[in-house]
Protein chains: 2
Amino acid sequence: MAEKLTKRQQELLDFLKYSQNKNGLMPSTREIQAHFGFASQTAAMSHLRALEKKGVIVRLAGKARAVVFPADLEREEVMDIPVYGSIAAGMAEVVDEEKVGCVSIDIASLGIPRNARTFGLQVRGESMIDAHICDGDTVIMEFREPRHLDIVAALIDDETTLKRFIMEKGRPYLRAENENFPDLIPARELVVQGVMVGLLRTGRM
Amino acid sequence: MAEKLTKRQQELLDFLKYSQNKNGLMPSTREIQAHFGFASQTAAMSHLRALEKKGVIVRLAGKARAVVFPADLEREEVMDIPVYGSIAAGMAEVVDEEKVGCVSIDIASLGIPRNARTFGLQVRGESMIDAHICDGDTVIMEFREPRHLDIVAALIDDETTLKRFIMEKGRPYLRAENENFPDLIPARELVVQGVMVGLLRTGRM
DNA sequence: ATGAATAGTGTTCATTGAATCACTTTCACC
DNA sequence: GGTGAAAGTGATTCAATGAACACTATTCAT
């Protein structure tokens, strides 16, 4: 199965990947022909056949643009999660100005339902270091009601901070997971923007 | 742009998503017709037009199966990273038996080149807790030469453990990031299987 | 030297599949 | 009660595409 490709076949495969990424769909044989400057469309056809025989692509006979990468079929559904540097007061709907990036990850890895409203948040500071959440980490939040001991993104003084949500005798309050930080924050007007469901750390460790 | 869809339009959109996920390509108007039991192919056409007008899909005129979700175009290239529970001695090529899952994530989020050889590793134990790597975390490793202070997956006594790689006066050794663990491990036959480039934590925090 | 891949050219054909026109029906809204 | 959007039916047209066949040329391992 893992037969190695010839140089030309690799070029063709690269074009297929490029095309799917750039245009969102596979090229037709004639588009392949045009891209490589073939005089005959058959050249593209035979290359596709070769790639199929080597198992790097799958083709569905008779259908147009029906070239598929096996990996794409096995892959779980991928979700795009917007990442914010901070989340301002409103947040009701969308807050594009603060958006600093996007993480695409398969929903199975996160273990969340596909219809969950999720967003990412870049962590600043060490206030949750005892929960092993570091400065620079990206936490994945889900928009839902917090439960006891959940880690939540809460709006305090117009800024979003990560805290542990404690429900004691029906009274909720927030706690930082760092000895050096103000231990308890009485939660009067408690605005919870999301509950932490995942964490992503990248770069030099 | 974010006009809400009718029930029927939502059904159609779901079918498009289902089809792309299941078959790897978009359905043609006739396939849509067959799926919904329309007597006329025009019904599918007009629905697609409606979806396009509302901005949830993009269509390329004249091309076959040319329906694209805008999100797919903005998305960076997604990479499938195999996750192992542990990595046995060989590891030279592929070790399918130990594979416990797969993480799909866009390469931009990880900040690694697209041709990097990466794999995931489930962390067991608390030996790296001081580096804020917890039991149950999945670390993303890249197969490359370790540098000073990198966190590496090293093979010790036929088992893979995560350690910090220290290069001191040309002599490499490994250190656990946990006071309670054997502080230094002289590295005689040092087999480094990968360098940590990312971390993913999921589930209840 | 002789197949067997690889890499093409040139041509033809049958489908697949998008697009358009003409009309019907239902249903919410003012 | 009229209007317009949503949801269809039915028929027709024609470009976009995959597929097949016949041949050529080169490389490479038997």
Side-chain angles (χ1 to χ4, degrees), chain A residues 1-20 22-70 72-73, chain B residues 1-20 22-70:
Chain A
M1 184 184 279
E3 289 185 66
K4 51 177 172 280
L5 306 178
T6 66
K7 188 181 169 188
R8 202 61 166 152
Q9 285 168 0
Q10 186 61 52
E11 282 175 29
L12 216 104
L13 186 62
D14 287 343
F15 176 61
L16 293 183
K17 283 182 180 168
Y18 167 82
S19 183
Q20 185 172 67
K22 175 93 176 184
N23 307 318
L25 45 75
M26 284 297 181
S28 65
T29 53
R30 281 179 174 79
E31 284 167 358
I32 296 173
Q33 174 190 2
H35 179 264
F36 287 96
F38 292 147
S40 168
Q41 169 241 122
T42 310
M45 279 290 298
S46 60
H47 274 125
L48 287 181
R49 243 194 299 271
L51 288 175
E52 186 176 26
K53 210 175 64 182
K54 293 190 178 178
V56 294
I57 63 172
V58 172
R59 302 198 338 138
L60 303 166
K63 290 181 177 173
R65 298 168 188 275
V67 178
V68 185
F69 298 122
D72 288 355
L73 288 176
Chain B
M1 186 184 277
E3 288 185 66
K4 50 176 171 281
L5 307 178
T6 66
K7 188 183 169 187
R8 203 60 167 153
Q9 285 167 359
Q10 186 60 53
E11 282 175 30
L12 216 103
L13 187 62
D14 287 343
F15 176 61
L16 293 183
K17 283 182 181 168
Y18 167 82
S19 183
Q20 186 172 66
K22 176 91 175 183
N23 308 318
L25 47 77
M26 284 296 181
S28 66
T29 54
R30 277 185 172 77
E31 283 166 357
I32 296 173
Q33 174 190 3
H35 178 263
F36 287 97
F38 293 149
S40 169
Q41 167 239 43
T42 311
M45 280 288 301
S46 61
H47 274 125
L48 288 181
R49 242 193 299 272
L51 288 175
E52 186 176 27
K53 209 175 66 183
K54 294 189 178 178
V56 294
I57 62 170
V58 172
R59 305 186 56 206
L60 303 167
K63 291 182 178 173
R65 298 169 187 272
V67 178
V68 186
F69 298 121

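Chain A is the first sequence line, chain B the second, and so forth, proteins listed ahead of strands; every chain is numbered from 1.
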>> Strictly below 4.0 Å: does His47(B) bring a side-chain N or O up to OP1 or OP2 of dA6(D)?
In response: no
>> The criterion is side-chain hydrogen bond (donor to acceptor under 3.5 Å, both in side chains); which residues satisfy it with Ser40(A), sequence neighbours excluded?
In response: Thr42(A)
>> On DNA chain D, does the nearest nucleotide to Gly62(B) precede the nearest nucleotide to Ala50(B) from the 5' side, or the other way round? Give the residue.
In response: Ala50(B)
Starting the side chain at C-beta, find the nucleotide from [options] nearest to [X].
| X | options | result |
| --- | --- | --- |
| Lys53(B) | dA19(C), dA6(D), dG8(D) | dA6(D) |
| Gln41(B) | dA18(C), dT6(C), dG18(D) | dA18(C) |
| Arg59(B) | dG8(D), dG8(C), dA19(C) | dA19(C) |

> Pairs in or reaching into residues 38-48 of chain B: which pass salt bridge (charged side-chain N to carboxylate O under 4.0 Å, His left out), with residues at least two apart or in two chains?
Replying inline: none
> Got a sec, which pairs hit salt bridge (charged side-chain N to carboxylate O under 4.0 Å, His left out) with one end in residues 39-49 of chain A, sequence neighbours left out?
Replying inline: none
> Near DNA chain C, which residues from residues 27-40 of chain A have a heavy atom under 4.0 Å away?
Replying inline: Phe38(A), Ala39(A), Ser40(A)
> What residues in residues 8-18 of chain B put a non-hydrogen atom under 4.0 Å from any atom of DNA chain C?
Replying inline: none
>> To the nearest 0.5 Å, what is the distance between CZ on Arg65(A) and CZ on Arg59(A)?
In response: 13.0 Å
>> Tell me whether the rings of Phe36(B) and Phe15(B) are parallel (<30°), tilted (30 to 60°) or perpendicular (>60°).
In response: perpendicular
> Between Phe38(B) and His47(B), what is the ring plane arrangement, given parallel below 30°, perpendicular above 60°, and tilted in between?
Replying inline: parallel
All N/O contacts under 3.5 Å from nucleotides 22-27 of chain C to the protein, with atom names and distances to one decimal?
none

> Sequence neighbours excluded, which residues qualify as ring pair (Phe, Tyr, Trp, His ring centres under 6.0 Å) partners of Tyr18(B)?
Replying inline: none
> Got a sec, which residues hit ring pair (Phe, Tyr, Trp, His ring centres under 6.0 Å) with Phe69(B), two or more places apart in sequence or on another chain?
Replying inline: none
> Residues in salt bridge (charged side-chain N to carboxylate O under 4.0 Å, His left out) with Arg30(A), at least two apart?
Replying inline: none
> Looking at residues at least two apart in the chain, or sitting in another chain, which of them share a salt bridge (charged side-chain N to carboxylate O under 4.0 Å, His left out) with Glu52(B)?
Replying inline: none
> How would you label the contact of Ala61(A) with the nucleic acid (heavy atoms, under 4.0 Å): base, sugar-phosphate, or nothing?
Replying inline: sugar-phosphate
> Looking at five pairs on each end of the helix from dA1(C)-dT30(D) to dC30(C)-dG1(D), what is the angle between the two axes, given to 10 degrees?
Replying inline: 40°
Enumerate all atom pairs, one protein N or O and one N or O from nucleotides 25-30 of chain D, separated by less than 3.5 Å.
none

Report the distance from atom [atom1] of [X] to atom [atom2] of [N], rounded to the nearest whole Å.
| X | N | atom1 | atom2 | answer |
| --- | --- | --- | --- | --- |
| Leu51(B) | dA6(D) | CG | C1' | 12 Å |
| Leu48(A) | dT6(C) | CG | P | 14 Å |
| Arg49(A) | dA7(C) | CZ | C1' | 13 Å |
| Met26(B) | dG17(C) | CE | C1' | 16 Å |

